2 protein chains.
Amino acid sequence: MASHEMDARKERILRAIIDDYILTAMPVGSRTISRKYETGLSSATIRNEMSDLEELGYLAQPHVSAGRVPSLKAYRLYVDELLSGGALPQNPEAREFFSRRVRQVEDVITSAAQAISEFTRYTAVVMMPKQLELRVSTLQLVPMPRGAALLVIVTDTGAIRDTVIHVSESLDGDALYAISRMLTERLQGRTLQEVQEMLGAYSRQMGGDAQVLQGIAELAAQMARQSATDSVTVGGSHNILNYPEYSDVEKARAFLSVLEEKEKLMALLSGPDEACCVRIGPETGMPEMADCSVVTVSYQVGRGHHGYVGVIGPTRMPYGSVLSALSAIGGALTDMLGE
Amino acid sequence: MASHEMDARKERILRAIIDDYILTAMPVGSRTISRKYETGLSSATIRNEMSDLEELGYLAQPHVSAGRVPSLKAYRLYVDELLSGGALPQNPEAREFFSRRVRQVEDVITSAAQAISEFTRYTAVVMMPKQLELRVSTLQLVPMPRGAALLVIVTDTGAIRDTVIHVSESLDGDALYAISRMLTERLQGRTLQEVQEMLGAYSRQMGGDAQVLQGIAELAAQMARQSATDSVTVGGSHNILNYPEYSDVEKARAFLSVLEEKEKLMALLSGPDEACCVRIGPETGMPEMADCSVVTVSYQVGRGHHGYVGVIGPTRMPYGSVLSALSAIGGALTDMLGE
DNA sequence: GTTAGCACTCTCACTCGTTGAGTGCTAACC
DNA sequence: GGTTAGCACTCAACGAGTGAGAGTGCTAAC
């Protein structure tokens with residue numbers, strides 16, 4: 001049974017089949033391999049090898065007289081080789097794609113998702129870990145025309161959130177600054193939860209500026225809510241329509257509807273502790289994604305926390321280039337958010 | 001030839017056909033009308049009327065033994081009646097859908113697009129008119145941890161933009177406020193263009209805070225760029241997959257790719273001076289949208305300027321409910337942005 | 001003016017050959 | 001023993017042919 005073990009030639013052939021299938025999305029025949037890929041072997045020999053590879057579980061036939069299609073096990077092997085091969089191919093291009101305006105953490109995340117999806121032509125997902133116990137660092141009111149003011153809350157982690165509130169028209173910039181100072185002094189270092197609680201007490205003391213206090217309370221509540229849950233962003237969701245495996249509208253719709261369920265998305269992305277992770281088909285642990293692959297790369301944000309950037313697409317995916325694009329963006333995110 | 005003119009009964013039948021077609025997307029037969037809609041007429045009579053309606057150009061037959069399908073002319077009549085019928089049906093629900101967080105103009109726009117698409121289940125597009133000559137109202141630096149500061153620019157129209165810049169760690173909140181005051185004093189009332197020009201001069205005078213000035217210049221440039229062009233946002237783009245007319249992936253892709261071209265989108269939306277506008281098929285003036293309809297409602301923003309909210313979908317569309325949803329959101333937008 | 005009845009048309013779904021790609025196997029070859 | 005040529009075989013994809021069903025148009029009766 002010597003021929004039923006993997007050898008170098010089998011691996012070469014298998015790789016050629018995977019490459020061709022990734023390219024064409026069509027079952028690959030023995031003739032194709034012997035001609036398009038310079039193996040120096042005839043189609044008959046390739047056929048024998050393919051037959052062995054099928055028995056080994058690396059190939060499958062959609063039907064008897066079609067070519068072969070790589071199995072999940074084949075993708076797994078391919079990816080493992082890719083990952084064990086040490087450093088991923090660098091990809092400065094991908095990084096270049098990601099040089100957008102950067103406003104606050106959320107913007108970084110969405111730009112990253114956009115950049116990845118544009119670059120890879122797949123659907124990109126970026127996830128931010130939840131941040132509990134956010135503490136207020138600064139609280140400031142910026143004057144706006146017509147009795148409005150922009151309330152800005154900055155946390156110790158650098159998260160920014162703001163909202164427009166109405167204030168008495170008699171308050172000028174200096175007055176607003178004085179209020180800001182006072183508020184910052186009292187609220188600095190408090191968690192968002194504490195802020196909400198404290199405002200109840202204050203509102204009795206200083207009835208006049210109830211509007212301001214209410215605005216703060218609302219914004220703090222909103223920030224707390226948002227930061228307490230992991231947040232996740234999708235980019236390029238309709239890129240899947242470019243791939244023949246989704247030429248059935250129903251499939252495309254099923255795919256897109258999963259993307260709208262944040263919980264599922266997060267389940268898809270998070271989990272692994274490794275820097276890179278490729279989950280193929282059922283490995284995603286989600287039945288409805290049984291013929292998709294998820295490639296994720298983690299990035300550092302703050303001390304020890306980490307988020308994930310990922311790509312979701314058909315199992316037939318150029319894992320190498322996707323991984324290198326992802327790790328480029330992951331690196332950029334670590335640089336920007338890691339400190 | 002009396003029977004070849006439109007009469008009340010023909011209109012009633014036509015309306016029933018349109019309603020049924022909007023509901024089912026299937027050619028409507030005479031029997032269906034005589035049974036599902038309480039006309040008190042037999043299918044044969046309906047058939048005669050349908051034949052007349054076809055001759056009048058309101059109906060078409062995909063093939064001889066299929067039912068009838070409303071023509072563009074029929075939709076046009078239907079919509080015209082709807083519009084001339086005076087006030088649109090109010091739609092408080094739609095307005096409720098649109099009660100989200102509101103940060104700055106852009107956020108309002110995107111929330112509006114989201115709300116409309118979620119409510120109507122069609123693709124929504126919202127457009128903001130360009131705002132030239134934006135003048136600085138306030139400019140403020142908000143302290144952030146670790147030598148960073150949030151630079152906020154507020155314009156006279158209430159547009160807000162911010163960015164994180166690096167500043168000397170020695171500057172505390174009061175120092176930043178002092179700088180903010182100084183900057184506001186000098187730049188208030190200037191247009192964004194002027195601000196950019198003036199900063200060149202300043203940077204020579206006060207070398208120390210070159211970073212701050214550069215940050216301002218960049219942000220001003222960005223604001224100017226963004227506000228000088230009309231901006232447009234899409235929501236619920238993949239809602240079209242819900243409709244059988246797009247069960248062909250190629251059509252869906254063509255549709256989605258138009259949505260990505262901002263210029264085309266703007267051409268689709270803008271134009272009419274009326275408050276409501278329904279363009280059916282070729283009336284959109286865009287060949288690739290020949291079997292889509294575009295429904296737009298305008299809203300006021302600032303003095304005289306107006307933007308548009310719209311829905312894009314198949315010609316078979318419940319124009320009535322779409323219009324009322326749009327005008328509800330349009331009203332809300334006018335309230336929020338109009339002043 | 002309205003309706004019942006009937007012949008007619010055309011799509012849709014299904015079946016049935018035909019075609020062609022690709023395999024598996026065997027026998028010859030190096 | 002490994003490699004290759006040749007050939008029979010299989011099965012999806014395509015096209016033509018067929019029957020059923022939906023819906024019409026027309027005519028004649030009410």
Side-chain angles (χ1 to χ4, degrees), chain A residues 1-14 16-17 20-21 24-71 244-245 247-248, chain B residues 1-14 16-17 20-21 24-71 244-245 247-248:
Chain A
M1 280 277 181
S3 71
H4 283 192
E5 281 159 23
M6 206 63 175
D7 59 23
R9 193 172 76 177
K10 282 194 175 50
E11 278 193 20
R12 239 178 45 235
I13 292 173
L14 181 56
I17 294 171
D20 198 77
Y21 186 67
T24 64
M26 305 272 275
V28 186
S30 54
R31 214 175 129 77
T32 311
I33 297 299
S34 92
R35 297 228 285 198
K36 266 181 37 181
Y37 301 82
E38 20 174 78
T39 51
L41 296 172
S42 79
S43 66
T45 311
I46 304 286
R47 242 178 348 255
N48 289 330
E49 295 289 40
M50 282 167 98
S51 178
D52 290 351
L53 283 168
E54 181 168 3
E55 197 159 336
L56 287 166
Y58 291 105
L59 293 179
Q61 276 185 303
H63 52 268
V64 62
S65 83
R68 299 310 210 288
V69 165
S71 69
E245 21 281 89
S247 56
D248 177 13
Chain B
M1 280 275 181
S3 72
H4 283 192
E5 282 159 22
M6 205 63 175
D7 59 22
R9 193 172 76 176
K10 281 193 177 48
E11 280 193 18
R12 239 178 45 236
I13 292 173
L14 180 57
I17 294 172
D20 198 77
Y21 186 67
T24 64
M26 306 272 274
V28 186
S30 53
R31 212 175 131 77
T32 311
I33 297 299
S34 92
R35 297 230 284 197
K36 266 182 40 182
Y37 300 83
E38 20 175 79
T39 52
L41 296 172
S42 79
S43 65
T45 311
I46 305 285
R47 246 183 338 260
N48 290 330
E49 295 288 40
M50 281 166 102
S51 180
D52 290 351
L53 283 168
E54 181 167 5
E55 198 159 335
L56 287 166
Y58 291 105
L59 293 179
Q61 274 186 303
H63 53 267
V64 60
S65 82
R68 300 309 211 288
V69 165
S71 70
E245 23 279 90
S247 57
D248 177 12

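Below, read A as the first sequence line, B as the second, and so on, with proteins coming before strands; counting in each chain starts at 1. Worth saying up front: this structure is predicted, and the values here are computed from it rather than measured.
- Of all nucleotides present, only C/dA4 satisfies the Watson-Crick or G-U wobble test against D/dT27, with each distance under 3.5 Å.
- Remark: B/M6 CE to B/L53 CG distance equals 5.5 Å, nearest 0.5 Å.
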Measure all distances between protein nitrogen or oxygen atoms and nitrogen or oxygen atoms of nucleotides 11-19 of chain D, and list the pairs falling under 3.5 Å.
unit_1	atom_1	unit_2	atom_2	d
D/dC11	O2	A/S65	OG	3.2
D/dA12	O4'	A/H63	NE2	3.4

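- To the nearest angstrom, P of C/dT3 lies 14 Å from CZ of B/R31.
- Here the OH-CG distance, from A/Y37 to A/D20, works out to 3.5 Å after rounding to the nearest 0.5 Å.
- Checking D/dG25, C/dT2, D/dT4 against every side-chain atom of B/R9, the shortest atom distance belongs to C/dT2.
- Atom C1' of nucleotide D/dT24 and atom CZ of B/R68 are separated by 7 Å, given to the nearest angstrom.
- Here OG of B/S71 is found 12.5 Å from CD of B/Q61. Values are rounded to the nearest 0.5 Å.
- B/S30 comes within 4.0 angstrom of the backbone, heavy atoms only, and of no base.
- Taking only distance into account, the side chain of B/R47 meets the base of C/dG5 through a donor-acceptor pair shorter than 3.5 Å.
- Pairing for C/dC16 goes to D/dG15, judged as Watson-Crick or G-U wobble with the two contacts each under 3.5 Å.
- Rounded to a whole Å, the CG atom of A/L53 is 15 Å from the C1' atom of C/dT23.
- The shortest non-hydrogen separation linking A/P62 to A/G67 is CD-O, 3.4 Å.
- A/I13 CD1 to A/D7 CG: the interatomic distance, rounded to the nearest 0.5 Å, is 8.0 Å.
- Atom CD1 of B/I33 is separated from atom C1' of D/dG23 by 13 Å (rounded to the nearest Å).
- When side chains are defined from C-beta on, B/S51 counts as touching B/R68, because their heavy atoms get closer than 4.5 Å.
- With rounding to the nearest 0.5 Å, the separation of CG in A/L59 from CD in A/E49 is 11.0 Å.
- Of the options B/R47, B/K10, B/R9, a salt bridge (Lys or Arg N to Asp or Glu O under 4.0 Å) to B/D52 is made by B/K10 and by none of the others.
- Comparing C/dG24, C/dT3, D/dT4 by their closest approach to the side chain of A/S51 singles out C/dG24.
- C/dG24 atom P lies 13 Å from atom CD1 of A/I46, rounded to whole Å.
- Residue B/A66 is classed as a sugar-phosphate contact, given heavy-atom separations below 4.0 Å to backbone atoms only.
- Atom P of nucleotide D/dT24 and atom CD1 of B/I17 are separated by 9 Å, given to the nearest angstrom.
- Rounded to whole angstrom, the span from the CG atom of A/N48 across to the C1' atom of C/dA27 amounts to 13 Å.
- Distances shown here put a side-chain N or O of A/S42 below 4.0 Å from the OP1 or OP2 atom of D/dT4.
- Searching all strands for a Watson-Crick or G-U wobble partner of D/dG1 with both distances below 3.5 Å returns C/dC30.
- If you measure from atom CD of A/E54 to atom C1' of C/dT23, you get 10 Å, rounded to the nearest angstrom.
- In terms of position on DNA chain C, the residue among B/G40 and A/P27 whose nearest nucleotide sits closer to the 5' end is B/G40.
- The nucleotide whose nearest atom lies closest to any side-chain atom of A/Q61 is, among D/dG25, C/dT23, D/dT4, C/dT23.
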